[in-house]
Amino acid sequence: MKLMNLFTDIRILLLEALEKMVKSGDLCPGLDFTNVTVEPPRDPLHGEMATNAAMLLAKPTGKKPREIAEKLSLHLSADARISVVDVAGPGFLNLRLSADVWRGLVVDILKKGEDFGRSSIGTGKSVNIEYVSANPTGPLHVGHTRGAVFGDALAGLLSFVGYKVTREYYINDGGAQVDVLARSVYLRYLEAHGQKVAFEEGTYPGDYLILVGQALKDQVGASFIGKEEDFWLAKIRKFATDMMMDHIRSDLTLLGVEMDAFFSEKSLFGTGRIEQTILKLREQGLIYEGILDPPKGKKPEDWEPRKQTLFKSTEHGDDVDRPVMKSDGSWTYFTPDIAYHDDKVKRGFDFLIDILGADHGGYVKRMKAAVSALSGGKVQLEVKLMQLVKLYKNGEPFKMSKRAGTFVTLREMVEQVGVDVTRFMMLTRKNDATLEFDFDKVLEQSRENPVYYVQYAHARGCSVLRRASEKGIDVSDGALSAADLRHLNHGSELAVVKKLAEWPRLVEISARTNEPHRIAFYLYELASELHALWNKGNVVTSLRFVQEGHLGTSQAKIALVRSVCIVISAGLGILGVRPAEEMR
RNA sequence: GGCUCCUUAGCUCAACUGGAUAGAGCAGCCGACUUCUAAUCGGCAGGUUGAGGGUUCGAGUCCUUCAGGGGCCGCCA
């Protein structure tokens, strides 16, 4: 028996039972079973698994739900894995499994190790996840950090379920903002030569450019002083973006993020690739010269009808058509990005994911339209928008401003609170909700801090293994999986097993919805189960994991603890957080 | 004005894409360390899921109207 995801196993059993009922005439043929679910009931008193089958099939068959449920229960209870079936409420079928099935799960975990819970929903498919993609004009700050952690965790998650994942960073080095960067660096360069400079509107005043100005001075000496912009702009642009990207790369390394690819916007220019992409769209009749309507409700004073080159994105689900070329003949920001996504499509990915800041919300439909047009509807683009991170220090909101140079960088954050805390905390909210990050609370090593809570559960588990080993008990996974697990018979112990059983299911749900935060929440719950059992052992000595003089019992209980450690470790691994062996 | 996301306990948030009596943590109150690490646990209290309407056997979840908030809105990226 393939014991991997108990819930899908039982669902298969259920579907077989339903087919039998169709054969015997209890159900009419041609029914749609896709929405039949097998899931853990919210209230454990109801049972261990519940199915909605009877209620779902009542209408199409014209039968009463309870009638279907009764018949169905006869088929189900014939299976050795099912110990109790009862019909409840409006027609729920509540199942209890034999304790041996649950115990078998522990053996399964010990045998598979951290591969337990892997799924094949992504096998044979490739996905490109584009994240961070911060402009190379400054260091990464907390907002980027959230996107970086989210993207990386999602990459870990999708790769855990079988996808071939490419982690990619799009460098916006082709637009006007890198010119601004270059001019700002020029000012810092003059400053490094002892000149007094003023940072006007349209330049970056941040301190982080002082070093760049210095470095430039070291490289070119005084040769740029007094020269026209034409002379130095392109050179400084390259110099500065290279240096910024080096900085960004090392910030990402600090956070434990390793990209598979960096794609430069600038590399698209002068190669004809943008033109080719536009031509491709033009051949589909999606490029035309036209005049857009003014946006309604927006002050129309400075609005004048203007003829421009437009992409007919409305053909692919957008609200209005979008300009691809400026009046000076250069491309809009959107256009190289279309070409970039065309490149991704050409590279053959089955599925594209972009992780963007919430301020790019208005950009989603047009990009989806572009990908739809470029791939003939074959490649799906999923855009995940990251909401803001609200920082708190000493209980007070901490305002960040890039202009004023008062922003908390990724580096500062990681150096202050550590990689594990940073990464885990960034995943304690779903992506489209704002996240509060309190520097003080996060540094408290208490229950306020879910990272330590989960790591502590793992450390406690390791502690048990160490202790048992000291007492001469073989705690290798091989030995533990051979233990007689019938010693696990207390409800509190089985509660832990049942939580472990949810893992494969949860992984699939998280992957399907692209929501890695679910992993973090699950790990918290699993840790909670272990902590609860642990504390019960303080009172009920028979629940302690190491039972003096009872090798078999000890091994069975330790097998359970070890299973929890394996799943926590696997889960934290997906999120890029280290499990702790010990915490003191 | 349009598009989009959000609104759940005093606070911060979950809720397994439509399931049964909406759950955690913090804050508050009561309790558990001669015990495998108390960075832990148990208990009490806390709710008209922003408001109304609709679909459904069944709605925090889907549709719709409204209120409040964030973001975006023709050559900024």
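Order of the sequence lines fixes the chain letters, A, B, ..., with proteins taken first and strands second; residue numbering starts at 1 for each chain. The structure displayed is predicted, hence computed values, not measured ones. Reckoned from all heavy atoms, side chains included, excluding hydrogens, waters and symmetry mates.
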Student: What contact category does A:P305 fall into here, base, sugar-phosphate, or nothing, at under 4.0 angstrom with non-hydrogen atoms?
Tutor: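 Here A:P305 touches the bases of the nucleic acid.
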Student: Which nucleotide sits closest to the side chain of A:F92: B:C13, B:A20, B:U17?
Tutor: B:A20
Student: Determine the contact category for A:N538: base if any of its heavy atoms lies under 4.0 Å from a base atom, sugar-phosphate if only primed atoms, P, OP1 or OP2 are that close, otherwise nothing.
Tutor: base
Student: Is the A:Y524 to A:Y453 ring centre distance short of 6.0 Å?
Tutor: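 That pair passes the under 6.0 Å test.
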Student: Quick one: does A:R460 reach the base of B:U40 with a side-chain donor-acceptor pair under 3.5 Å?
Tutor: no
Student: Please, which pairs that meet salt bridge (charged side-chain N to carboxylate O under 4.0 Å, His left out) have at least one residue in residues 452-474 of chain A, sequence neighbours excluded?
Tutor: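 Sorted pair list: A:K471-A:E548.
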Student: OP1, OP2 of B:C57 versus side-chain N and O of A:K59: anything below 4.0 Å?
Tutor: yes
Student: Specify the separation, in whole Å, of atom OH of A:Y453 and atom P of B:C26.
Tutor: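 The answer, rounded to whole Å, is 9 Å.
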Student: Assign A:H517 to base, sugar-phosphate, or nothing according to its heavy-atom contacts below 4.0 angstrom with the strands shown.
Tutor: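 Answer is sugar-phosphate: A:H517 comes under 4.0 Å of backbone atoms only.
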Student: Salt bridge or not between A:K266 and A:D173? Use side-chain N to carboxylate O under 4.0 Å.
Tutor: no
Student: Between A:K326 and B:A77, is there a side-chain N or O to OP1/OP2 distance below 4.0 Å?
Tutor: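 So the side chain of A:K326 is within the cut-off, an N or O lying under 4.0 Å from OP1 or OP2 of B:A77.
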Student: Look at all strands and tell whether A:R467 reaches a base, only sugar-phosphate, or nothing, counting heavy atoms closer than 4.0 Å.
Tutor: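 If one applies the 4.0 Å heavy-atom cut-off, A:R467 turns out to touch the sugar-phosphate alone, with no base involved.
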Student: Looking at residues at least two apart in the chain, or sitting in another chain, which of them share a salt bridge (charged side-chain N to carboxylate O under 4.0 Å, His left out) with A:E265?
Tutor: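 Result, salt bridge (charged side-chain N to carboxylate O under 4.0 Å, His left out) vs A:E265: none returned.
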Student: Within less than 4.0 Å of OP1 or OP2 of B:U37, is there a side-chain N or O belonging to A:S463?
Tutor: yes
Student: Looking at B:C36, I'd like to know if its phosphate oxygens (OP1 or OP2) sit under 4.0 Å from a side-chain N or O belonging to A:R466.
Tutor: no
Student: As a test of reading the structure: which of B:C57, B:C36, B:A77 is closest to the side chain of A:W534, going by heavy atoms?
Tutor: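 Among the listed nucleotides, the one closest to the side chain of A:W534 is B:C36.
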Student: May I ask you to say what A:A457 touches in the nucleic acid, namely base, sugar-phosphate or nothing, with a heavy-atom cut-off under 4.0 Å?
Tutor: nothing
Student: Could you tell me whether A:E39 and A:R505 have a side-chain N and a carboxylate O separated by less than 4.0 Å?
Tutor: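 Between A:R505 and A:E39 there is a salt bridge, with a charged N closer than 4.0 Å to a carboxylate O.
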Student: Name all residues meeting the side-chain contact (heavy atoms from CB on, under 4.5 Å) criterion together with A:R306; count only those two or more places apart in sequence or in a different chain, and write none if there are none.
Tutor: none
Student: Check every strand shown and say whether A:A358 touches a base, only sugar-phosphate, or nothing at a heavy-atom separation below 4.0 Å.
Tutor: sugar-phosphate
Student: Would you indicate which nucleotide in B:G74, B:U17, B:G19 comes nearest to any side-chain atom of A:L292?
Tutor: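 When the side chain of A:L292 is considered, B:G74 is the closest of B:G74, B:U17, B:G19.
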Student: Measure from the side chain of A:K365, starting at C-beta and using heavy atoms only, and say which of B:A20, B:C41, B:U4 lies closest.
Tutor: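 My answer, after comparing the listed nucleotides, is B:U4.
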Student: Where the side chain of A:R42 is concerned, which of B:U40, B:C5, B:A15 is the nearest nucleotide?
Tutor: B:A15
Student: If you check every side-chain atom of A:E39, which of B:U17, B:A77, B:U12 has the closest atom?
Tutor: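 Ranking B:U17, B:A77, B:U12 by closest atom to the A:E39 side chain puts B:U17 first.
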Student: State which of B:A38, B:U35, B:A77 makes the closest approach to the side chain of A:R544.
Tutor: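 Of all the options, the side chain of A:R544 is nearest to B:U35.
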Student: Of the nucleotides B:C3, B:U56, B:A38, which one has an atom closest to the side chain of A:D319?
Tutor: B:C3
Student: Please map the stems of RNA chain B, keeping only stretches of three or more Watson-Crick or G-U wobble pairs with both distances under 3.5 angstrom.
Tutor: B:1-7 with B:67-73, B:10-13 with B:23-26, B:28-32 with B:40-44, B:50-54 with B:62-66
Student: Out of B:U17, B:A15, B:A39, which nucleotide sits closest to the side chain of A:T513?
Tutor: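 Comparing B:U17, B:A15, B:A39 against the side chain of A:T513, the answer is B:U17.
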Student: Are the side chain of A:Q455 and the backbone of A:R578 linked by a donor-acceptor contact shorter than 3.5 Å?
Tutor: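 Such a contact is found between A:Q455 side chain and A:R578 backbone.
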Student: Between A:L381 and A:K368, which heavy-atom pair has the shortest distance, and what is it?
Tutor: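 So the minimum-distance heavy-atom pair works out to O-CE, 3.4 Å.
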Student: Could you check A:R366 against A:N94 and say which one's nearest nucleotide on RNA chain B is further toward the 5' end?
Tutor: A:N94
Student: Quick one: label A:N52 by what it contacts on the DNA or RNA (base, sugar-phosphate, nothing), any heavy atom closer than 4.0 Å.
Tutor: base
Student: With a 4.0 Å cut-off, would you call A:E515 and A:K430 a salt bridge?
Tutor: no
Student: Can A:F545 be said to stack with the base of B:C36, given centres closer than 5.5 angstrom and planes under 30 degrees apart?
Tutor: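 Here A:F545 meets both the 5.5 Å and the 30° conditions.
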Student: From B:C72, B:A77, B:C36, pick the nucleotide closest to the side chain of A:N172?
Tutor: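 Nearest to the side chain of A:N172 among the choices is B:A77.
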Student: Does a side-chain N or O from A:Y456 land closer than 4.0 Å to OP1 or OP2 of B:A39, or not?
Tutor: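 Affirmative; the distance criterion is met.
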Student: Measuring to OP1 and OP2 of B:A15, would you say a side-chain N or O of A:K430 lies under 4.0 angstrom away?
Tutor: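 So the side chain of A:K430 is within the cut-off, an N or O lying under 4.0 Å from OP1 or OP2 of B:A15.
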Student: Could you check whether A:A468 gets within reach of a base, just the sugar-phosphate, or nothing at all, counting any heavy atom under 4.0 Å?
Tutor: nothing
Student: Residues in side-chain contact (heavy atoms from CB on, under 4.5 Å) with A:A182, at least two apart?
Tutor: A:L233, A:I236, A:R237
Student: At under 4.0 Å between heavy atoms, which parts of nucleotides 42-48 of chain B does protein reach? Answer with one letter per nucleotide, 5' to 3': B base, S sugar-phosphate only, - none.
Tutor: S------
Student: Could you tell me whether A:S510 contacts a base, only the sugar-phosphate backbone, or nothing, with contacts defined as non-hydrogen atoms closer than 4.0 Å?
Tutor: nothing
Student: Which is more 5' along RNA chain B, the nucleotide nearest A:Y363 or the one nearest A:L93? Just name the residue.
Tutor: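 Of the two residues, A:L93 wins.
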